[in-house]
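Worksheet for the structure shown next.
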Number of protein chains: 2
Amino acid sequence: MSTSNSRASGFADQAAVYAPLYRQIKELILLALQRGEWKPGALIPSETDLAGRFRVSQGTVRKAIDELSTDHLLVRRQGKGTFVATHHEPRAQFRFLRVVPDDQEPVPGVSRYLECKRTRAGSEVALQLAIKPSDPVVYLRRLLSFSGAPIVLDEIWLPGNLFKKLTFERLSAYSGPLYGLFETEFGTRMIRADERIRAVAAAADAARWLKVGPGTPLLQVERLSFTYGERPVEVRRGLSLTDSYHYRNTLT
Amino acid sequence: MSTSNSRASGFADQAAVYAPLYRQIKELILLALQRGEWKPGALIPSETDLAGRFRVSQGTVRKAIDELSTDHLLVRRQGKGTFVATHHEPRAQFRFLRVVPDDQEPVPGVSRYLECKRTRAGSEVALQLAIKPSDPVVYLRRLLSFSGAPIVLDEIWLPGNLFKKLTFERLSAYSGPLYGLFETEFGTRMIRADERIRAVAAAADAARWLKVGPGTPLLQVERLSFTYGERPVEVRRGLSLTDSYHYRNTLT
DNA sequence: TAGTGGTCTAGACCACATA
DNA sequence: ATGTGGTCTAGACCACTAG
């Protein structure tokens with residue numbers, strides 16, 4: 001991989017006839033992350049080390065890490081080294097939690113789990129998770145409260161084979177971010193998510209949990225989350241009260 | 001600015017005691033853009049040119065342009081050159097238009113302007129635009145339709161001094177993206193926006209325009225847009241029907 | 001003092017667009 | 001053939017952290 005530049009052919013779907021060296025290096029690091037060679041939160045080898053290992057210049061490794069860093073898969077810390085990103089660190093906390101109070105600073109909130117059962121995917125969820133309708137899924141329901149008031153009612157569907165040992169007890173005993181639990185206990189790291197947001201009228205059940213009248217306008221957030229390799233691994237539907245909370249977003 | 005590295009002191013608010021060379025270059029390019037030295041859509045000098053002009057290496061200019069490019073202020077085109085970004089090009093079209101149809105591809109939509117008047121800011125809008133409540137603003141109302149059906153009702157407030165010549169006729173005659181008009185006719189380019197999203201019940205007036213019953217849940221999007229130097233220049237409140245449309249977002 | 005990431009340079013070569 | 005952005009290298013030095 002020196003100056004003579006042996007490019008990977010990469011016959012992947014459609015494009016990618018040509019991939020620059022730093023992207024190949026990125027891919028190698030990505031694979032190492034995916035197979036858990038370095039755990040979340042851990043220090044990875046220095047840029048110089050990796051450069052030697054992959055037989056490329058330090059600048060090339062650097063550019064690969066640059067991209068992984070903007071992808072939130074790695075975190076650089078000057079003077080210390082480069083670390084595997086984790087959903088446990090505070091900076092990642094509000095990346096996937098967009099419902100925040102109108103006037104105060106964002107706060108974590110408290111989860112109360114209402115349900116945790118195993119069932120079959122069904123056609124809709126199966127389609128999204130790219131599995132068969134008869135395949136097993138874990139179905140969760142939880143109520144998120146901020147300063148004592150119930151604000152978000154979430155339904156969550158997870159592939160059964162990836163979350164075999166997920167139980168109601170395990171969830172209730174845990175307090176940190178849900179994705180943190182998924183990452184450390186089930187080896188599934190959420191990388192990216194697509195959301196569809198709507199306004200809906202509260203059904204009787206949701207209204208009861210959120211302590212409002214049926215028909216109250218609620219913010220519905222449908223989410224599909226992905227792990228490495230664009231694999232869909234979570235379907236989520238949240239219903240939020242938005243009197244004194246809102247979904248915040250920045251367009252750049 | 002050669003190896004001896006004369007850093008700008010930058011006594012700006014709080015931080016920025018130290019700024020790397022490429023950031024200083026970025027700032028210089030930013031100023032050139034801001035004062036309209038290169039118009040939207042225009043070709044800017046090559047990296048080599050700029051390197052010569054600023055007395056730094058090409059790699060340093062490159063890194064500055066890298067950032068401006070991810071900020072969507074410049075667009076690189078290999079073999080052609082680097083261009084000033086514009087809201088007129090199709091790639092920028094859906095950066096600020098997040099309400100899209102559930103199943104089809106995103107489409108531009110058709111605007112019908114309902115109102116365009118001059119008034120005073122009032123306390124709320126003034127606070128957001130960082131002007132005085134007695135300062136003049138332009139107030140707009142428009143209805144956005146997709147394939148014939150009214151979907152979004154927008155209210156827009158703009159600083160009066162920046163949009164002096166904005167008229168109902170000018171708006172109605174125009175068909176492209178609104179930010180495109182602002183950019184070419186009023187020299188105000190929208191860079192970034194913060195949004196707060198809620199579910200609300202349709203008031204009588206909104207219900208009438210969107211052809212639904214009063215009390216129907218609507219998606220309310222409050223937006224504050226910024227131009228160069230984090231200057232707020234637009235307040236917007238949109239109400240959307242989300243039966244067969246939704247607000248799409250990607251968490252990364 | 002040593003190690004790590006961060007910046008900057010100079011030069012070579014590749015990929016792409018256009019004339 | 002020429003000019004532009006894109007990649008890659010090698011080496012020097014700066015800023016930050018920790019033993």
Side-chain angles (χ1 to χ4, degrees), chain A residues 1-10 15-29 38 41-70 73-85 91, chain B residues 1-10 15-29 38 41-70 73-85 91:
Chain A
M1 266 190 200
S2 57
T3 25
S4 58
N5 201 348
S6 61
R7 251 80 191 237
S9 25
V17 206
Y18 156 85
L21 239 193
Y22 74 86
R23 283 233 197 258
Q24 300 176 39
I25 304 301
K26 179 183 180 183
E27 201 55 36
L28 291 175
I29 298 176
W38 307 304
L43 176 70
I44 75 168
S46 75
E47 297 181 351
T48 323
D49 276 11
L50 292 172
R53 182 176 313 192
F54 296 135
R55 308 305 213 82
V56 298
S57 81
Q58 186 250 16
T60 300
V61 170
R62 184 163 183 79
K63 186 143 188 185
I65 294 181
D66 273 346
E67 291 203 352
L68 290 165
S69 178
T70 66
L73 293 177
L74 295 178
V75 176
R76 298 169 176 292
R77 276 180 239 178
Q78 190 174 29
K80 291 184 163 183
T82 302
F83 299 78
V84 181
R91 31 193 313 184
Chain B
M1 270 192 199
S2 56
T3 26
S4 58
N5 201 350
S6 62
R7 252 79 192 238
S9 25
V17 207
Y18 156 84
L21 239 193
Y22 74 88
R23 284 232 197 257
Q24 301 177 39
I25 303 300
K26 180 183 179 183
E27 201 55 38
L28 290 176
I29 299 176
W38 308 303
L43 177 68
I44 76 168
S46 74
E47 297 181 352
T48 323
D49 276 10
L50 291 172
R53 184 175 312 193
F54 296 134
R55 309 305 213 82
V56 298
S57 82
Q58 187 251 13
T60 299
V61 170
R62 184 164 183 76
K63 186 143 189 187
I65 294 182
D66 274 346
E67 291 203 353
L68 290 165
S69 179
T70 66
L73 293 177
L74 294 177
V75 177
R76 298 170 175 291
R77 278 179 237 179
Q78 190 174 29
K80 292 183 162 184
T82 302
F83 299 79
V84 181
R91 30 192 315 183

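Chain A is the first sequence line, chain B the second, and so forth, proteins listed ahead of strands; every chain is numbered from 1.
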Between N or O atoms, less than 3.5 Å apart, protein on one side and nucleotides 16-19 of chain C on the other: list the pairs.
none

Given C:dT7, C:dG5, C:dT9, identify the nucleotide with an atom nearest to the side chain of B:Pro20.
C:dT7

Quick one: B:Leu21 CG to C:dA10 C1', roughly how many Å, whole number?
15 Å

Only Watson-Crick and G-U wobble pairs, only distances under 3.5 Å, only runs of 3 or more: what stems does that leave for DNA chain D?
C:1-18 with D:1-18

Roughly, in whole Å, what's the span from CG in B:Asp49 to P in D:dT4?
6 Å

Hey, does the side chain of A:Gln24 reach the backbone of A:Ala19 with a donor-acceptor pair shorter than 3.5 angstrom?
yes

To the nearest Å, give me how far apart CZ (A:Arg62) and C1' (D:dT7) are.
16 Å

Quick one: closest heavy-atom pair of B:Trp38 and B:Ile29, and the distance?
CZ3-CG2, 3.9 Å

Counting side-chain heavy atoms from C-beta on, which of D:dT4, C:dG5, C:dC8 comes nearest to A:Ser46?
C:dG5

Winner on side-chain proximity to B:Ser57, out of C:dG5, C:dT9, C:dT7, is C:dT9

OP1 or OP2 of D:dT9 sitting under 4.0 Å from any side-chain N/O of A:Thr60?
yes

Of all the heavy-atom pairs spanning A:Pro45 and A:Leu50, show the shortest one and how long it is.
O-CD1, 3.7 Å

Search all heavy atoms of A:Val84 against all heavy atoms of A:Leu74 and return the closest pair with its distance.
CA-CD2, 4.0 Å

Atom CD1 of A:Ile65 to atom P of C:dG6: distance rounded to whole Å?
9 Å

Closest non-hydrogen atom pair, B:Ala64 against B:Lys26:
CB-N, 3.7 Å

Take atom CD1 of A:Ile44 and atom C1' of C:dG3, then tell me their distance rounded to the nearest Å.
15 Å

Atom CZ of A:Arg76 and atom C1' of C:dG5 are separated, to the nearest Å, by 7 Å

Mind checking side chain to side chain donor-acceptor pair (under 3.5 Å) for A:Gln58 and listing every partner two or more places apart, or none if nothing turns up?
A:Glu47

Please name the pair of heavy atoms, one in A:Arg76 and one in A:Arg62, separated by the smallest distance, quoted to 0.1 Å.
NH2-O, 3.2 Å

Answer yes or no on whether B:Arg77 is positioned over the face of B:Phe83, meaning its NZ or CZ is under 6.0 Å from the six-membered ring centre and within 45° of the axis.
yes

Taking C-beta and beyond as the side chain, do B:Phe54 and B:Leu21 meet within less than 4.5 Å on heavy atoms?
no

Over how many whole Å does the gap from B:Gln58 atom CD to D:dT7 atom P extend?
12 Å

Base, sugar-phosphate, or nothing for B:Thr82, non-hydrogen atoms under 4.0 angstrom?
sugar-phosphate

Separation of atom NZ in A:Lys26 from atom C1' in D:dC8, rounded to whole Å:
18 Å

